[in-house]
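Below: the structure, in structure tokens.
Just so it is clear, the values below take in all heavy atoms, side chains as well, and ignore hydrogens, waters and symmetry mates. Both counts, for ligands and for their atoms, begin at 1 and track the order of listing.
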Amino acid sequence: MLTPNQIAVIKATAPAVAANANRITGTFYPLMFERFPEVRSVFNQSHQRSSAQPEALANAIIAYASNIDRLEVLGPAVEGIVQKHVSLNITPDQYEIVGTCLMEAIGKVLGEAVTAEVADAWGAAYWQLARLLIAAEEQEYARKAALSGGWRGARRFKIVEKTPESTVITSFRLAPVDGGPVMDFLPGQYLGLRLAVGGETVHRNYSLSASPNGRDYRISVKREPHGLVSAFLHDSVQVGDMLDAYPPAGEFVLRDGTGPLLLVTGGVGQTPALPLAEQALAAGRTVIYVHAALNGSVHAFRGQVDRLAALHQSFKPVYCYADPQPGDRPHMTGLLDRDRLAALLPDEDGLHAYVVGPKPFMAAVIQALTALGLPPSSIVHEFFGPREALA
Ligand SMILES: Cc1cc2nc3c(=O)[nH]c(=O)nc-3n(C[C@H](O)[C@H](O)[C@H](O)COP(=O)(O)OP(=O)(O)OC[C@H]3O[C@@H](n4cnc5c(N)ncnc54)[C@H](O)[C@@H]3O)c2cc1C
Ligand code: HEM
């Protein structure tokens, strides 16, 4: 617990920290990677280059400092951080490293303003949050290890199937080398993978793209232009190759309810929507499955989704192509704007929308759905990277 004086110091200095938060995190990461190179591999370096991760940490620090005496409002944000950390197997000893480097970065950026009293208050505040995260993460690690087919830390998996799904997306089925079962995940969740690319250890998250079956997991990867891991998976990884995976995690999962589901995905954002659709259909819910793709050549999983439609009357797929080519068979063409989405909304009450895709796509779809009267609390979205503001 922070003392009343420490809370007062945090409140007094929070505006200065907030005003410099991006400079602080921009100083923090290079300092940490230089001083403790062993933690570098767990961070996606593209998220450093784009500043998405430094900004996510800066926003978390600002939110924390501004709510230092009412931490309960941070609940959902904390859960998102915990899930991302758990997917990458973040451990308590690494909090020492982050704490030391963060305090040093604050000192470097704010200079003499960081008196002994200020350093003490921010150090105490860091450890209050760190202890909260460490405890929540430990609970998740222990819970996953206790599940049937569950485990803790890295587990060796073998690629047992590699299937092209479109010109840019390929699926990989991963089965544990130990031959044991794998824990069920919640549809919408993702894996953390650890693999060696060109002699360097790297980590990436991939959504699970097929419903749980107890035996293996499927991920589906889009080849990113100049992408390190996606190109390696597409070009070099073959059936029989091995990599490490941490247990599934994530909070982009089906919410309670009986109302219809509107799944709106763009490009490879379709991956978590596939098991989510199957779960909702099994629960007897109506599913409107809207998928936006550039054209038929990059449209993955059409066969799988069409088969679902043949099996379930309550499932309606809608394919929208921005730039259809001769021979393509979309239901709609152009961009998914307000009018196109309005035509797809069901009459039933209790609609929930799940949106996944590139940031501008999610921003446009969520803005259109909100304009159509869907309350923000009924719309959830997932970032394939650190969370960012959609505005
Ligand atoms: C929760 C979650 C779920 C995800 N699910 C999926 C999924 O189901 N399928 C999927 O395909 N992906 C998914 N991702 C994204 C995935 O984790 C990777 O980010 C993605 O595969 C790209 O990784 P990469 O190593 O190929 O690209 P990176 O090497 O990380 O590069 C990413 C982009 O940055 C650019 N870049 C890299 N270096 C530079 C540089 N020096 N200068 C300028 N630009 C540069 C590259 O051109 C590329 O376009 C998910 C991510 C998260 C967080
Ligand atoms: C109080 C301490 C910490 C806070 C407030 C914090 C905050 C965050 C936030 C806000 C994100 C982005 C989550 C998202 O949008 O998905 C994140 C991701 C991450 N955090 Fe932490 N974190 C802390 C400690 C740590 C520690 C100790 C490590 C271990 C080295 C760590 C490693 C990571 C990694 C690897 C990611 C994903 C980065 C990426 O995608 O490149 N964090 N953290």
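Residue F43 holds the heavy atom nearest to atom 36 (C) of ligand 2 of all those in F383, Y29, F384, F43. Counting heavy atoms only, V98 comes closest to atom 26 (C) of ligand 2 of the residues V98, T91, L133. The option from H85, R131, E251, K84 that lies nearest to atom 43 (N) of ligand 2, judged by heavy atoms, is H85. Of the candidates L132, N59, L57, the one placing a heavy atom closest to atom 4 (C) of ligand 2 is L57. The closest non-hydrogen atom to atom 14 (C) of ligand 2, taken over E388, E55, R387, comes from R387. Comparing F36, Y126, W127 by heavy-atom distance to atom 1 (C) of ligand 2, the nearest is Y126.
Here's the thing with Y190: none of its N/O atoms is less than 3.5 angstrom from an N/O atom of ligand 1. Taking any N or O of F384, backbone or side chain, none lies under 3.5 Å from an N or O belonging to ligand 1. Considering backbone and side-chain atoms alike, Y95 places every N or O at 3.5 Å or more from each N or O of ligand 2. In terms of N/O distances under 3.5 Å, ligand 1 is approached by Y206. Considering backbone and side-chain N/O of E382, none are found under 3.5 Å from N/O of ligand 1. At least one N or O atom of N44, backbone or side chain, sits closer than 3.5 Å to an N or O atom of ligand 2. Between F383 and ligand 1, a contact under 3.5 Å exists for no N or O pair. On a distance-only criterion, V221 and ligand 1 share no N/O pair closer than 3.5 Å. Below 3.5 Å of separation, one finds no N or O of K84 facing any N or O of ligand 1.
Contacts of L228 with ligand 1, taken as heavy-atom pairs under 4.0 Å, involve both backbone and side chain. Heavy atoms from both the backbone and the side chain of V42 come within less than 4.0 Å of ligand 2. When non-hydrogen atoms are compared, ligand 2 lies under 4.0 Å from neither the backbone nor the side chain of Q48. At a heavy-atom cutoff of 4.0 Å, ligand 1 is contacted by the side chain of S46 but not by its backbone. At a 4.0 Å heavy-atom cut-off, ligand 1 touches N44 through the side chain alone. Neither the backbone nor the side chain of S209 has a heavy atom within less than 4.0 Å of ligand 1. For I61, no heavy-atom contact with ligand 2 is shorter than 4.0 Å. With a 4.0 Å heavy-atom cut-off, ligand 2 is reached by the backbone of Q94 and by its side chain too. Contact annotation for R49 and ligand 1: only side-chain heavy atoms (C-beta onward) come within less than 4.0 Å of the ligand.
Between E161 and R218 there is no salt bridge, since none of the side-chain N atoms of the basic residue sits less than 4.0 Å from a carboxylate O of the acidic one. Look at R40 and E38 and you find no salt bridge, because none of the NZ, NE, NH1 or NH2 atoms lies under 4.0 Å from a carboxylate O. Using a 4.0 Å cut-off between a side-chain N of Lys or Arg and a carboxylate O of Asp or Glu, R152 and E138 qualify as a salt bridge. Look at R155 and D178 and you find a salt bridge, because one of the NZ, NE, NH1 or NH2 atoms lies within 4.0 Å of a carboxylate O, short of that distance.
The shortest distance between side-chain heavy atoms of E55 and T25 does not fall below 4.5 Å. Side chains of N44 and R204 form a contact here, defined as non-hydrogen atoms less than 4.5 Å apart.
Close approach to G385 involves these atoms of ligand 1, each under 4.0 Å from a residue heavy atom: 52 (C), 53 (C). Listed by atom number, the atoms of ligand 1 under 4.0 Å from E224 heavy atoms are 22 (C). Numbered from 1 in the order shown, with element, the atoms of ligand 1 that lie under 4.0 Å from a heavy atom of P225 read 46 (C), 47 (O), 48 (C), 49 (O). Per-residue contacts place V268 under 4.0 angstrom from the following atoms of ligand 1 (heavy atoms of the residue considered): 9 (N), 10 (C), 11 (O). The R204 neighbourhood of ligand 1 comprises atoms 18 (C), 23 (O), 24 (P), 25 (O), 28 (P), 29 (O), 30 (O), with distances under 4.0 Å to a heavy atom of that residue. Heavy-atom contacts of T271 reach the following atoms of ligand 1: 7 (C), 8 (O) (cutoff under 4.0 Å). Listed by number with element, the atoms of ligand 2 under 4.0 angstrom from any heavy atom of H47 are 39 (C), 40 (O), 41 (O).
Within a 4.0 Å radius of atom 43 (C) of ligand 1, the protein has no heavy atom. Not a single protein heavy atom sits closer than 4.0 Å to atom 35 (C) of ligand 1. In this structure, atom 31 (O) of ligand 1 is in close contact with the protein, since a protein heavy atom lies within 4.0 Å of it.
Atom 27 (O) of ligand 1 has as its closest protein heavy atom G227 CA, 3.2 Å. Annotation: atom 11 (O) of ligand 1 to nearest protein heavy atom, K222 N, 2.8 Å. Summary of contacts: the protein heavy atom closest to atom 17 (O) of ligand 1 is N205 O, 2.6 Å.
For the pair G80 and ligand 2, no heavy-atom separation below 4.0 Å is found. Taking 4.0 Å as the cut-off, Y64 does not count as a neighbour of ligand 2 on heavy-atom distance.
Ring geometry for F383 against H381 counts as perpendicular: the plane angle is over 60°, on a 0 to 90° scale with 30° as the lower cut.
With E382 as the partner, the side-chain contact (heavy atoms from CB on, under 4.5 Å) test is satisfied by one option alone out of T265, T271, V356, V355: V356. Among V177, D241, L193, V182, the single residue meeting the side-chain contact (heavy atoms from CB on, under 4.5 Å) criterion with F157 is V182.
Here K162 contributes atom NZ and Q238 contributes atom CD; the two are 4.0 Å apart, rounded to the nearest 0.5 Å.
Under the 3.5 Å distance criterion, with hydrogens and angles disregarded, a donor-acceptor pair is assigned to the side chains of Y95 and H85.
For an aromatic pair to be called close, the ring centres must be under 6.0 Å apart, and Y190 with F252 fails this. Between H291 and Y319, the distance from one ring center to the other does not fall under 6.0 angstrom.
Residues I24 and Y29 share a single hydrophobic cluster, defined by chaining ILVMFWY side chains whose heavy atoms lie under 4.5 Å apart.
Within a 6.0 Å radius of CG in L147, more than 12 heavy atoms belonging to other residues, nucleotides or ligands are found.
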